[in-house]
Amino acid sequence: MDAIKIEDFLHYANLGKLKAKGQNLVWVKGLPDASKKDKYLYTLETLQDGQVSPLSSFGQERDFVFLDENTVCFASNRTKEKDKTFIYQLSLKGGEAREIAALEGEDFALENVLADGRLLLSRRVDLHEAEKKQDPDEKDYVVLDEFPAYFNGDGIISKFRDRLFLFDPDKKELTELLKDDPYFNFDFHYVDGTDLYFTGDSYTQSKARKSALYKLDLNSLEYSQLLPKEEWSIFDICVLKGQLYLVATDEKRYGSEENPQFYKYDPEFKTLSLATAWEDCWGNCVDTDLCLLDVRTSRVFEDCLYFTTTKVDHTVLECFDGEKVTPVFEFPSIEFFDFTSDGTCWFTGPNANETQQLYSYKDGQLTKHSSYNEDALKGRYVASAVQVDYQDYAGNTQHGWVLYPKDFAEKQKYPAILDVHGGPKTVYGTPFFHEMQVWASQGYFVFFANIYGSDGQGNDYANMRGHWGREDYEDLLKFTDAVLAKIPQIDAGRLGITGGSYGGYMTNWVIGHTDRFKAAASQRSMSNWLSDAFMSDVGPWDDLYSIDANNLDEKLDYAWQQSPLKYAKNVTTPTLFIHSLEDYRCPLPEGMQMFRALLYYGVESRMCLFKGENHELSRSGQPKHRIRRLKEITAWFDQHLR
């Protein structure tokens, strides 16, 4: 069989945004532009007579809504007119997309279609847009005067607000919601008939971390506040049989990383009461590097809230009926899902050792309907994930996986790479992971696990407050020992370690505490709690949570004690650093400090910086940059482990 190559991902289809109406369903396919390697092409696809069929081919149809059972519409700008957004209508029965609206302003997005045909739109608005148009030099300056000032993937967001609009296609009228309060920022929303429930905050200096909850009548446009800000962290909103429910947490038990529970809203007293306890995580946390289109967490169907949760290493679709939660079915990774009118659940996601496909589930029967990427992987060596058990820090049995190298021979010794996931509140599972498959094809064992701090095992297991670099580090070494004990073909003298985000933190931590790894690749990493807290876009809250403090000056000594930078003087491992210049989640100085410290102490190091990229480089960065990133890491391991 042939080896999987780094460039092969250029031919992998990414699926998502699946929606259903009546008996029809449509989803989005994302594909790297294999010729220019600088962007992705997004098109709509559907299922006709049991066969996957393309609906569009322009390459800009990244999202859509159903107008009716046989018609979808999407926002785009196919003619590339300045300061314009066009709404197009497309029949599932075929034909060309037809323009139905031209809006003043760029980047309007379709959110929903009301029963009367009006469209709910969203747009990120620059409060200084008018003056910037009058003065061309304004684009040369960035003025920051509020918090947060930037966010990963969004860039500078100071004086930007996410707004909602109603558009009437018949009257060609665009109405901005809460127009009298331009400083209001909509976070997320839920439409129930003519009622719009939404979370958000009006601010001019500092945005509330926990948004308030509101209700707005989409006919009268009158609104009222249901819950004040800073009390509840709200994950989801739904109405079942006329009753409003929230998926939320007050964070009083486990802090900012606490899993939510199900609450019933009392309109008389404007309070929440627990509808059912829930200790598991909200949504699909199974990690992959084929995820251009994110995931869909919930959907209301026939007065029940269906949602995904992560259990240890896979996804479960659950059903909340207002009183209890019932599991429906499980799968390695359920990413986008919806229901056709006959009760069939359709979803996109990867099975074990496979890439994303279209599946359906009904009456206990799981059916696969697509064959995406089969040609791209035909004749290629795809390593299967082999489970390896180990005893964690507390003496409990956990498991991870090992990918065996291509052309494995029992009497031969091989190098191995330990891959640490991000988060830490996420998980690895068994779906196809391109970078790991590349290394297996190149002759490496690759091993990975969900150590302490990972999601999918309740609040206690994921509770990392004040534990970074402690039990998780112990688990990582215990898992490594278990893998070496089970697979004697791994050369213990040729181990490498890599990881991104939290995995980058752990890579930095590990090389400062042991010399058993002979090469390391630290990606989008964090190295210093004292600097990261007020530089990361999610700081200071996430950083204070991590060191279990209310204010940073409470635990200065402990913050430095748990910073990998403190132990840079102990490092002997040759280390590659990968970082993006626009990474605001783990900002550049975090990787740069560790890199410069290793050079200062005489350790062989290299740093590769990516212009125009952010924290999502390995998942949705420009294809040519993703290729360079993986080439850098693979070459580094080849140089030091071969």
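Worth saying up front: this structure is predicted, and the values here are computed from it rather than measured. Residues take their numbers from the sequence shown, with the count starting at 1.
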For Val286 and Tyr428, what are the C-alpha separation, side-chain angles and deciding distance, and is it a side chain to side chain contact (heavy atoms under 4.5 Å, CB included)?
CA-CA 6 Å; Val286 179; Tyr428 275 146; over 6 Å; no
Checking side chain to side chain contact (heavy atoms under 4.5 Å, CB included) for the pair Ile633/Arg629: CA distance, chi angles, key distance, verdict?
CA-CA 6 Å; Ile633 297 171; Arg629 165 195 166 271; 4.0 Å; yes
Exercise for review: Please assess Phe331 against Phe347 for the test ring-ring contact (aromatic ring centres under 6.0 Å, His included), listing each intermediate value before the final yes or no.
Suggested key: CA-CA 10 Å; Phe331 197 73; Phe347 69 96; 5.0 Å; yes
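Side-chain atoms of Tyr245 never come within 3.5 Å of backbone atoms of Asp236 as a donor-acceptor pair (strictly under, hydrogens ignored). With Lys362 contributing its side chain and Asp342 its backbone, the two residues share a donor-acceptor pair below 3.5 Å. Looking at Glu616, its side chain never comes within 3.5 Å of a backbone N or O of Gly153 through a donor-acceptor pair.
In this model, a donor atom of one side chain and an acceptor atom of the other lie less than 3.5 Å apart for Thr634 and Trp439. When only modelled atom types and interatomic distance are considered, Asp181 and Ser202 share a side-chain donor-acceptor pair under 3.5 Å. Between the side chains of Ser211 and Asp187, at least one donor N or O sits under 3.5 Å from an acceptor N or O. Side-chain atoms of Gln356 and Glu335 form a donor-acceptor pair, as typed in the model, at a separation below 3.5 Å. Thr309 and Glu318 form no side-chain donor-acceptor contact under 3.5 Å, judged by distance and modelled atom types alone.
For Phe184 and Tyr214, the gap between ring centers is short of 6.0 Å. The aromatic ring centres of Phe151 and Tyr584 sit 6.0 Å or more apart. Aromatic pair Phe610/His579: ring centres not closer than 6.0 Å. Residues Trp282 and Phe307 bring their aromatic ring centres within 6.0 Å. Between Tyr42 and Phe58, the gap from one ring centroid to the other reaches at least 6.0 Å. Between Tyr306 and Phe320, the distance from one ring center to the other does not fall under 6.0 angstrom.
Contact of the Thr71 side chain with the Lys21 side chain is not registered, since no non-hydrogen atoms from C-beta on lie closer than 4.5 Å. Between Asp63 and Lys19 there is a side-chain heavy-atom pair separated by less than 4.5 Å. Between His615 and Gln523, the closest side-chain pair of non-hydrogen atoms is not below 4.5 Å. Side-chain contact between Arg118 and Asn219: present, with at least one pair of heavy atoms (C-beta onward) separated by less than 4.5 Å.
Ion pairing between Lys84 and Glu104 holds under the 4.0 Å rule for side-chain N and carboxylate O. The pair Lys159-Glu146 meets the salt-bridge criterion, with a side-chain N (NZ, NE, NH1 or NH2) lying under 4.0 Å from an Asp/Glu carboxylate O.
Note that Arg296 lies outside the cation-pi zone of Phe336, set by a 6.0 Å cut-off to the ring centre and a 45° limit from the axis. Under a cutoff of 6.0 Å and an axis angle of 45°, Arg78 and Tyr88 form a cation-pi pair.
Test Thr315, Thr297, Asp455, Asp294 against Asn284 for side chain to side chain donor-acceptor pair (under 3.5 Å) and you get one pass: Thr315.
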